[in-house]
Amino acid sequence: QVQLVESGGGLVQAGGSLRLSCAASGSIFSINHMAWYRQVPGKQRELVAAITSGGPTNYADSVKGRFTISRTNANNTVYLEMNSLNPEDTAVYYCNVYVRVAAELLEVWGQGTLVTVSS
C-alpha cells in the first residue's frame, strides 16, 4: 500500500518561516498530482497549493507570494515552503497525493502536521 509521511510542522512567531515535507512510499507506479491542504477548527479543509507532474502550480489567494510548493520526483516528495507566516496560517496541514497503483488511481492523505503561528 501507499503511505504519506509528513514532517516540518511546529511553532513559529509571526513573520517566520517553516518548510513542510511529505514523502510518499510504497508500490507507486506514478504520481500525477500533489497538493497541500489545511484545516482549522470550525472550518472546511481548504486547498493551499498544488503541483502537477508537468510542473504548473496553483495557490490559494491567501498564500500567493508567501508559500512555494515544489516536488522531488526522485524520492516522491512534495514540499511547502512557508514564508512571512501570520496567525491566520495556523492550522493542521495535510499532504494530498493522487497515485497510480497497478490499474487504479488512488487518493492518499498524509497524517497531518500542526503549524502554529504566534503573534
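- The shortest side-chain heavy-atom distance between Val97 and Val2 does not fall under the 4.5 Å cut-off.
- Annotation for Gln1: atom CD does not count as buried by contact number, only 12 or fewer foreign heavy atoms lying within 6.0 Å.
- Val78 is not connected to Leu47 by any chain of hydrophobic side-chain contacts under 4.5 Å among Ile, Leu, Val, Met, Phe, Trp and Tyr, and they are in different clusters.
- Two residues are said to be in side-chain contact when any heavy atoms from C-beta on lie closer than 4.5 Å; Trp109 and Cys95 fail this criterion.
- No side-chain heavy atom of Val40 sits less than 4.5 Å from a side-chain heavy atom of Thr90.
- Ile69 and Tyr79 sit in two unconnected hydrophobic clusters of ILVMFWY residues. Membership requires side-chain heavy atoms under 4.5 Å apart, directly or through other members.
- Annotation for Tyr59 and Ala49: closest pair CD2-CB, 3.6 Å, computed over non-hydrogen atoms.
- Of all the heavy atoms in Ser119 and Ala14, the pair that sits closest is CA-CB, 4.4 Å.
- Scanning all heavy atoms of the two residues, the minimum distance from Ala91 to Leu114 falls at O-CD1, 3.6 Å.
- Proximity of Ile31 to Arg71: side-chain heavy atoms (C-beta onward) are separated by under 4.5 Å at one or more points.
- Here the closest heavy-atom approach between residue Ala24 and residue Leu4 is recorded as CB-CD2, 3.4 Å.
- Checked by atom type and distance alone, the side chain of Gln111 pairs as donor or acceptor with a backbone atom of Glu6 at under 3.5 Å.
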